[in-house]
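As structure tokens, the structure follows; a few thoughts come after it.
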Amino acid sequence: MATTVAPPPPSDANVDSADLASFGYRPVLHRKLGRYASFAAGFSFVSILTTIFQFFGFGYSFGGAAFFWTWPIVFAGQFLVALNFAELAARYPLSGCIYQWSRRLGGELVGWFAGWMMVVAQIVTAAAAAIALQVVLPTIWSGFQIVGEDTALTSPSGATNAVLLGSILLIVTTTINVIGIDLMAKINSIGVTIEIVGVAAIIGLFFVNSERGPGVVLHTDQAAPGPYWAAFLVSGLMAAYVMVGFDSAGELSEETKNPRRVAPRTILTALSVSALGGGLMLLGALMAAPSLDDGALATEGIAYVLTSKLDSPAGKVLLGCVAVAIMVCTLAIQTAGSRLMFSMARDGKLPFARQLAAVHPRYGTPVLPAVVIGLLGIALLALNLGNAAIFATLASVCIVSLYLAYLLVTVPLLIRRLRGWGRTAEAADESLFRLGRFGIPVNALAVVWGVVMVINLAWPRAEVYTPNGGGWWMLWAAPLFVLAVAAVGALVHRFVVAAPRTAASGEPAGQPA
């Protein structure tokens, strides 16, 4: 009697590949990321050591110690967005998630503009992260001040040195991105581990050496003049600048093992861990600062507290952790941006799409997108040579584009929910992350939050956009930047994306996918 041997069960890799093929895409990227590497991608993009070191002084200078409360408020709002993103990551485990989610929810045109705005924001953000090395490295060792002696970003020598250090970093991260996701994941995971240890050490140092109690977060005496609510709104921009990029785990879905289950968890975990660590670091810095009213906390930020409490080799080590955080932050941003660019090019949605969508046969990486982002980031850094205020303004307004890209996901999703999304066969697998009956209220609150934040970020405040004086165009930089990005995007879409499709099909372009 013949014996029937059951075929072996499909491997996880084959299941993931078949899942991707169901969306019409051939697996070409190397699927190497586990849970920790996926978490690290989101955590390193947020990078609380990088961003809080950069923007603490900004928040304190406007809101005083009570600006601390903007942190949990912004976290709550961004967590609403992250909950929606987690549900989408479980349904659409695709690279370039912001573009892919928006396109599938709102149609081809809406998705294209979401992807376009996100690409622009990520390029500028990568340059902004790289330039932060100037804030840290010369403090660790004077030899890092290669040009001149003045380390201040606003000085000619400081700005030139910042461009040099930032350009070197972008060359390094581009090389890592080209070599492969495996190397990128290892370096990023090690860097994130170092950052987490550094955050824990800094928090411990601050709490052990505190000068005052936690009641400091109720002090408003060092706030900017005028009604406190206005100063509080401005100080909240600090937290808004920090808590973005948690969607990076979704951007790398096609390189993540079992992404439908891993990506939703790591999106929420990356934001939550960042919020907890960042909140404790803010509280510790306010409690440990030698003085709240000598002006140093507003101008030098957390670095002032750290060096005053630990002016020793150990302090240099902690500053080294900040430098590592800056490196992996830049690496994560560039990686996420290159996957988004690859995803759009794969669908023929960018100029030179065929070249941008090409994946290196050995390394399994989209080489050209990484190189393009690196070169454009270095070009943006060069703006700092002439006028540091221009680059600072550009870095600020790009965050508006990022929040708008998020809205181009949450708004179409809310519309689809109101039409029954989530009750269809598409969401039949109840083992996947889902919001269920809470979907509509959570989504609606996320949309309201996004609109409020875009208005707050883009409001033409002189103290934000022209603190040292400047033309009217700098004051209105945010809305002008968004209009310029949208106008250029419309031209690119009309003449590069839509025209070939219309000519080939004989049908109008821009219909929902």
Side-chain angles (χ1 to χ4, degrees), residues 44 47-57 125-177 179 183-184 186-188 190-199 201-202 205 285 296 299-334 374-375 377-389 391-392 395:
S44 57
S47 190
I48 51 177
L49 269 189
T50 302
T51 46
I52 291 180
F53 261 76
Q54 279 183 293
F55 299 116
F56 179 94
T125 306
I131 210 170
L133 278 181
Q134 178 64 22
V135 181
V136 178
L137 289 186
T139 304
I140 297 175
W141 178 48
S142 60
F144 285 118
Q145 186 64 32
I146 302 167
V147 179
E149 296 181 357
D150 192 340
T151 62
L153 271 173
T154 52
S155 69
S157 63
T160 303
N161 201 66
V163 171
L164 180 59
L165 294 177
S167 298
I168 293 171
L169 175 56
L170 283 169
I171 291 170
V172 171
T173 57
T174 300
T175 304
I176 294 171
N177 266 307
I179 291 176
L183 177 62
M184 177 270 170
K186 288 177 181 176
I187 292 175
N188 199 47
I190 293 171
V192 164
T193 302
I194 292 172
E195 180 172 3
I196 291 173
V197 171
V199 168
I202 290 171
L205 173 70
T299 56
E300 301 175 40
I302 285 186
Y304 155 68
V305 186
L306 182 59
T307 54
S308 67
K309 296 297 179 182
L310 199 63
D311 188 12
S312 67
K316 303 291 186 184
V317 171
L318 290 179
L319 286 174
C321 291
V322 179
V324 170
I326 293 169
M327 193 200 86
V328 295
C329 176
T330 306
L331 178 63
I333 295 169
Q334 188 178 18
L375 290 176
I378 292 172
L380 285 172
L381 284 176
L383 290 175
N384 207 58
L385 291 173
N387 186 345
F391 183 81

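Bear in mind the structure is a predicted one, so any value in this text is a computation, not a measurement.
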> Nearest heavy-atom pair of Phe144 and Pro138: which atoms, and what distance?
Replying inline: CB-N, 3.9 Å
> Nearest 0.5 Å, what's the CG-OG1 distance between Leu170 and Thr175?
Replying inline: 10.5 Å
> What pairs with Thr330 under side chain to side chain donor-acceptor pair (under 3.5 Å), at least two apart in sequence or on another chain?
Replying inline: none
>> Keeping Asn161 on the side-chain end and Gln134 on the backbone end, is there a donor-acceptor pair under 3.5 Å?
In response: no
> Looking at CG of Asn188 and CG of Leu183, how far apart are the two atoms once the value is rounded to the nearest 0.5 Å?
Replying inline: 10.5 Å
> With no hydrogens and no angle check, is any side-chain donor or acceptor of Thr50 less than 3.5 Å from a backbone partner on Ile326?
Replying inline: yes
> Are any non-hydrogen side-chain atoms of Ile176 and Gln334 less than 4.5 angstrom apart?
Replying inline: no
> Where is the tightest heavy-atom contact between Leu165 and Leu133, given as atom of each residue plus distance?
Replying inline: O-CD1, 3.9 Å
>> Holding to side-chain contact (heavy atoms from CB on, under 4.5 Å), I want the full list of residues that pass it with Ile194, two or more places apart in sequence or in another chain.
In response: Ile190, Cys321, Val324
> Rounded to the nearest 0.5 Å, how far does CD1 of Ile196 lie from OG of Ser44?
Replying inline: 10.0 Å
> What heavy-atom pair brings Leu169 and Ala130 nearest, and what distance separates the two atoms?
Replying inline: CD2-CA, 3.9 Å
>> I need the minimum non-hydrogen distance between Gly377 and Ala127, along with the two atoms involved.
In response: O-CB, 3.6 Å
>> Set out, in order, the CA-CA distance, both residues' side-chain angles and the distance that settles side-chain contact (heavy atoms from CB on, under 4.5 Å) for Leu306 and Val322, then state yes or no.
In response: CA-CA 12 Å; Leu306 182 59; Val322 179; 5.5 Å; no
>> The criterion is side-chain contact (heavy atoms from CB on, under 4.5 Å); which residues satisfy it with Ala303, sequence neighbours excluded?
In response: Phe53
>> Using every non-hydrogen atom in the two residues, find where Ala162 and Ile131 come nearest and quote the distance to one decimal.
In response: CB-CG1, 3.6 Å
> Could you state the interatomic distance from CD1 (Ile48) to CD (Gln54), rounded to the nearest 0.5 Å?
Replying inline: 13.5 Å
> Yes or no on side-chain contact (heavy atoms from CB on, under 4.5 Å) for Ile171 and Ile378, after CA distance, side-chain angles and deciding distance?
Replying inline: CA-CA 9 Å; Ile171 291 170; Ile378 292 172; 4.1 Å; yes
> Could you give the distance from CG (Leu137) to CD1 (Ile168), rounded to the nearest 0.5 Å?
Replying inline: 9.5 Å
> With distance as the sole test, does Glu195 use its side chain to make a donor-acceptor pair with the main-chain N or O of Val197 at under 3.5 Å?
Replying inline: no
> If you take all heavy atoms of Gly191 and Val328, which pair is closest and at what distance?
Replying inline: CA-CG1, 3.6 Å
> About how many Å separate CG of Leu319 and OG1 of Thr139, when rounded to the nearest 0.5 Å?
Replying inline: 6.5 Å
